[in-house]
Amino acid sequence: MADAGHRRFVPPPRAAVAASVFDHPLFADVAGFRDLLATPGWPSVSALDARLAVPGLRLVAQDAALLADGLHYETRIAQGRLATRADNWHDLFNALVWAHLRPLKRALNGQQCRHIAAMAPGQRNRAQAALTQFDETGVIVRVRDSALLAAWDSHDWLALFAPGPWKEGAIAVATVFGHALMEQALLPGRRLVGKCVVVRGDEDTACIEAVVQAIEQDQVLTDPLQLRPLPLAGIPGWHEVQDAAFYADAAYFRPLREGRQYPLPLHIAG
């Protein structure tokens, strides 16, 4: 997910996060909650619940008393309670995404619960892994240029990240959905990789709705290999230095693995 390999990520303390970090485009979808992100103190779980007021969902403190119910995390959400750790970046971002993109979160939770019910206790299938990866690191990208998809298919990163198409809207990030991506982006300059569902379209909201419908209909996220990796630092303007040497770093802009193929993009319904 990042150029630091697979070392466990330790988020910085709140006091060490500069408010300017949240100016990055990756945080665009949670910009309306900047006061919860860029102020010195943490909101309590109850205050966060009152502020966000997510319909049908109550944020509850994740403590021993809550966990004593023995329910799966996703099952508890389906019953209307989101276990939330206090003073925790990961869970704060998760709550903000619930407030901003509730239909998408609901679709993921519905599929997770369906698979939990079908699996033996403690077992997970590949669909659950895909749903979790998208929940944590997901990005929805809209594209209207077949040549850009071909470049992405072959990991031709220089062609995919040519500034013109991004500036003209031939390709764009419809939403950064993954709350783990937001948490990791708290370290300035960190090079992250999003796991993407791609939609052929021109408008963010319609593309997000198409993904919601596809999840609900079990048309996507049935296997982790369906997710396209996108080195987010390669998007024009998303990293401080984007010269030839930067894009030549094969440890981050990885070549295509032999035999790797990606699904066709979703299309807007109707």
Side-chain angles (χ1 to χ4, degrees), residues 1-2 4 6-24 26-110 112-113 116 122 124 128 131-139 175-188 190 192 194-195:
M1 199 179 332
H6 297 285
R7 295 196 300 270
R8 184 177 181 274
F9 174 72
V10 179
R14 192 176 183 94
V17 177
S20 59
V21 167
F22 301 108
D23 295 332
H24 193 281
L26 185 143
F27 295 103
D29 282 352
V30 295
F33 305 109
R34 191 182 177 98
D35 61 304
L36 296 173
L37 299 171
T39 51
W42 289 97
S44 67
V45 173
S46 60
L48 187 61
D49 177 60
R51 165 68 186 280
L52 299 182
V54 181
L57 189 69
R58 183 166 60 94
L59 276 62
V60 292
Q62 180 174 304
D63 54 21
L66 178 72
L67 299 180
D69 63 15
L71 293 177
H72 191 286
Y73 171 81
E74 298 286 352
T75 303
R76 195 181 293 113
I77 290 174
Q79 295 181 0
R81 294 177 296 159
L82 175 62
T84 304
R85 292 168 291 184
D87 304 350
N88 184 282
W89 282 115
H90 190 91
D91 287 10
L92 175 58
F93 285 125
N94 186 41
L96 299 185
V97 176
W98 265 103
H100 180 64
L101 291 168
R102 182 170 61 96
L104 194 49
K105 280 285 198 180
R106 280 291 183 202
L108 290 175
N109 175 252
Q112 286 281 23
C113 289
I116 290 166
R124 285 165 54 88
Q128 287 174 282
L131 292 161
T132 299
Q133 283 190 27
F134 187 68
D135 190 27
E136 297 280 346
T137 62
V139 179
T175 186
V176 175
F177 176 73
H179 53 284
L181 282 178
M182 297 179 191
E183 181 186 29
Q184 293 194 27
L186 294 175
L187 294 178
R190 192 170 177 85
L192 304 174
K195 298 299 180 68

S.K.: Does F33 reach the side chain of L92, with side-chain heavy atoms less than 4.5 Å apart?
M.R.: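 They are not in side-chain contact.
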S.K.: Of the non-hydrogen atoms in Q128 and R124, which two are nearest, and what is the gap between them?
M.R.: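 Here Q128 and R124 meet closest at OE1-CA, 3.2 Å.
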S.K.: Tell me, do E136 and K195 make a side-chain contact under 4.5 Å, heavy atoms counted?
M.R.: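 Answer no - side chains too far apart.
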S.K.: Using modelled atom types and a 3.5 Å cut-off, is there a donor and acceptor pairing between side-chain atoms of D29 and backbone atoms of T175?
M.R.: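 No, the answer is negative, given that no donor and acceptor are paired below the 3.5 Å cut-off.
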S.K.: Between M182 and L37, is there a side-chain heavy-atom distance shorter than 4.5 Å?
M.R.: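 With C-beta onward as the side chain, the pair stays apart.
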S.K.: With distance as the sole test, does W89 use its side chain to make a donor-acceptor pair with the main-chain N or O of P12 at under 3.5 Å?
M.R.: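 Yes, because the side chain of W89 sits within donor-acceptor range (under 3.5 Å) of the backbone of P12.
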S.K.: Just by distance, do the side chain of R14 and the backbone of T39 share a donor-acceptor pair under 3.5 Å?
M.R.: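 Side chain of R14 to backbone of T39, a donor-acceptor pair under 3.5 Å: yes, one is there.
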S.K.: Write down the atom of G138, the atom of L181, and the distance for their closest heavy-atom approach.
M.R.: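 Scanning both residues, the minimum pair turns out to be O-CD1, 4.2 Å.
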S.K.: Let me check something: any side-chain donor-acceptor pairs from residues 43-58 under 3.5 Å, sequence neighbours excluded? List them with distances.
M.R.:
| from | atom 1 | to | atom 2 | distance (Å) |
| --- | --- | --- | --- | --- |
| S44 | OG | S46 | OG | 3.2 |
| S44 | OG | A47 | N | 3.0 |
| D49 | OD1 | L59 | N | 2.9 |
| R51 | NH1 | D35 | OD1 | 3.4 |
| R51 | NH1 | D35 | OD2 | 2.7 |
| R51 | NH2 | D35 | OD1 | 3.1 |

S.K.: Output, in order, the C-alpha distance, side-chain angles, deciding distance and verdict of side-chain contact (heavy atoms from CB on, under 4.5 Å) for V30 and F22.
M.R.: CA-CA 9 Å; V30 295; F22 301 108; 6.0 Å; no
S.K.: Say you draw a straight line from NE2 of H72 to CD1 of I116; how long is it, rounded to the nearest 0.5 Å?
M.R.: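 Between atom NE2 of H72 and atom CD1 of I116 there are 3.5 Å.
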S.K.: Of all heavy-atom pairs between P11 and E183, which one has the smallest distance, and what is that distance?
M.R.: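 Looking at all heavy atoms of both residues, the closest pair is CG-OE2, 3.4 Å.
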S.K.: Does the side chain of R34 come within less than 4.5 Å of D23's, by heavy atoms?
M.R.: yes
S.K.: Distance-only, no hydrogens or angles: does the H179 side chain make a donor-acceptor pair with backbone N or O of D135 under 3.5 Å?
M.R.: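 Answer holds: yes.
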S.K.: Are Y73 and L82 close enough that some pair of their side-chain heavy atoms sits under 4.5 Å apart?
M.R.: yes
S.K.: F27 versus F93: any side-chain heavy-atom pair under 4.5 Å?
M.R.: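 The answer is yes; the side chains approach within 4.5 Å.
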S.K.: To the nearest 0.5 Å, what is the distance between OG1 on T132 and CD on Q112?
M.R.: 4.0 Å
S.K.: I want to check something: taking the side chain as every heavy atom from C-beta on, are W98 and L104 in contact at a cut-off of under 4.5 Å?
M.R.: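 No - every pair of side-chain heavy atoms lies 4.5 Å or more apart.
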S.K.: Taking the side chain as every heavy atom from C-beta outward, state whether K105 and N94 have any pair of such atoms under 4.5 Å apart.
M.R.: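 SC-SC contact between K105 and N94 confirmed.
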S.K.: Roughly how far, to the nearest 0.5 Å, is the CZ atom of R106 from the CG atom of L101?
M.R.: 13.5 Å
S.K.: For a quick test of reading the model, state the closest non-hydrogen atom pair linking L66 to A83 and the distance between them.
M.R.: CD2-CB, 3.6 Å
